[in-house]
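These notes are about the structure you will find just below.
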Protein chains: 2
Amino acid sequence: MPPSRQRNANTESVDNYLKAILALSGPEEQRVSSTSLADRLGVAPASVTNMLQKLASSLLPLVEYERHRGVLLSAAGKRRALEVLRHHRLIETFLYEVLDYPLEEVHEEAERLEHFISERFEERIAVKLGHPKFDPHGHCIPAMDGKMPKQISVPLTDLREQGTFVVDSVSDQDALLLRRLRAHGITPGARLQVASRPPDDFVLRTSGVSKALHLSRDLAAAVRIRSAH
Amino acid sequence: MPPSRQRNANTESVDNYLKAILALSGPEEQRVSSTSLADRLGVAPASVTNMLQKLASSLLPLVEYERHRGVLLSAAGKRRALEVLRHHRLIETFLYEVLDYPLEEVHEEAERLEHFISERFEERIAVKLGHPKFDPHGHCIPAMDGKMPKQISVPLTDLREQGTFVVDSVSDQDALLLRRLRAHGITPGARLQVASRPPDDFVLRTSGVSKALHLSRDLAAAVRIRSAH
DNA sequence: CTAATTCATTAGGCGCGCCTAAATATGGCG
DNA sequence: CGCCATATTTAGGCGCGCCTAATGAATTAG
Ligand SMILES: [Mn+2]
Ligand SMILES: [Mn+2]
Ligand SMILES: [Mn+2]
Ligand SMILES: [Mn+2]
């Protein structure tokens, strides 16, 4: 009755470490420190060290790890991290499109389910959704082969000039921020006119709303934009 | 990032014990022995004793347990078992109806996911499916309040007279059996004509198939029937 | 270039859910 | 009734993933 799980000796915890390393190492694939991982995962640094040693010394090592110099995903580790990320974002899209979840609730559910769905489930929802390329936050969904195009967007808080832009994506990490952004019409694809001198102040105009909008730093940090070309 | 899970201090393992006790105690709610649980769950008898003691001695005991006399669900335990069973059967229905799973694959996936979906997910798929009363095996889905009507069907192997019947439900426990039953047209709702003297021999005729069909005992044991009224 | 600070690892321990081997109840039978 | 086979529980241990406290390495400041 209790199903096997543990597909590849990959446990929920292992998957979460891999995903965190992927996210923290960034597009440049820089080494990730134990503390930053500990912060992100909400565990003690000692626990991280422990896990990294295990991941590095298994038969098929999932990370490259050197004492005191941080950690990097191995090829196998990156493959798995992208697989889980694909699950996550497909599930988010599915919850949003098919099950009518409010945007700010999809992340938490996906964070759990991503570890437990089968390859069949992944494939079936991908078909149902027409093999989507983006999740409802505007994040790119890795393809089956692990390929994922680089983001061309920048954080709103990195902006240095005024202008008109398009909301590329919003962070999925904080449901409350997300709800406030949505209330202000800031959702992926929305047109955004920045009318103040960033990055100290964010006075915005969104399409359809005449009143100017002053964005707190918290909220601005959760938004990525690209040119309105 | 790692979500809380452990909704009610109920772990995947605990849920599986509760479901197994529910299934084994039957409609009469008889006490369940350690060995039968160990068999069903695929664990050692000692592990069962261990778990039962824990379940019985928590603040809100999930079972009533007396050394050497087996175990019964408490009110709270039964509530939780039915909740998980509802998840299981709703998920099966969802996989079958919405994601076009083959019947014999829904059980394994549901067995995993039942422990990890949220109340919101449960509610959303129930709505999507129009609050179904039966899963694709023909099993009754417990209602939100835990109510579940008694089954009026009997195992095909309990049959003592010939006659024409309707397939009430098929067992979800063995994918291979299930596939063979389906290949023979034996699915919930199918009309079934029993032309031999049960329970030694099962020669059947199903609607639309002219050739008589001899069912092995394995297969017959996986089928429940009711009168064709 | 040493000293202080910060970061990371080691040491020791805990709860969970499982295991095997060794007791110990229980229930049926002679 | 007492003995035996079987069912069940106890005892002792293991891997996982986490924790705290103590130690050690690296980096920065003086
Ligand atoms: Mn997310
Ligand atoms: Mn996760
Ligand atoms: Mn099932
Ligand atoms: Mn299960």
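Residue numbers begin at 1 in each chain, while the letters A, B, ... track the order of the sequences. If you're wondering where the values come from, they're calculated on a predicted model, not measured in any experiment.
- Here the side chain of B/R226 pairs no donor or acceptor atom with the backbone of B/D168 at under 3.5 angstrom.
- Each salt bridge (charged side-chain N to carboxylate O under 4.0 Å, His left out) pair with one or both residues in residues 63-73 of chain B, not counting sequence neighbours, appears once here: B/R31-B/E66.
- Residue B/T11 places at least one side-chain N or O closer than 4.0 Å to OP1 or OP2 of C/dG17.
- Rounded to whole Å, atom P of C/dG17 lies 13 Å from atom CG of B/L41.
- Salt bridge status for A/E109 with B/R120: absent, with no side-chain N to carboxylate O gap under 4.0 Å.
- Side-chain atoms of B/S74 come within 3.5 Å of backbone atoms of B/P61 as a donor-acceptor pair (strictly under, hydrogens ignored).
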Original post:
When every nucleotide of nucleotides 21-26 of chain D is labelled 5' to 3' by its protein contacts under 4.0 Å (heavy atoms), B for base, S for sugar-phosphate only, - for none, what sequence of letters results?
Top reply: B---SS
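- In terms of phosphate contacts, B/S13 brings a side-chain nitrogen or oxygen within less than 4.0 Å of OP1 or OP2 of C/dC18.
- For the residue pair B/N16 and B/H115, a side-chain donor N or O sits within less than 3.5 Å of a side-chain acceptor on the partner.
- Closest to the side chain of B/A44, from the set C/dC16, C/dC19, C/dT9, is C/dC19.
- Just one residue in the list B/V43, B/L24, B/T49 forms a side-chain contact (heavy atoms from CB on, under 4.5 Å) with B/L37, and that residue is B/L24.
- Across C/dT9, C/dC18, D/dC19, the shortest atom-to-atom separation from the side chain of B/M51 is found for C/dC18.
- Under 4.0 angstrom from either OP1 or OP2 of D/dC16 there lies no side-chain N or O belonging to A/Y17.
- Residue B/T49 places no side-chain N or O under 4.0 Å from the OP1 or OP2 atom of D/dT10.
- B/S47 comes within contact range of at least one nucleobase, with a heavy-atom separation under 4.0 Å.
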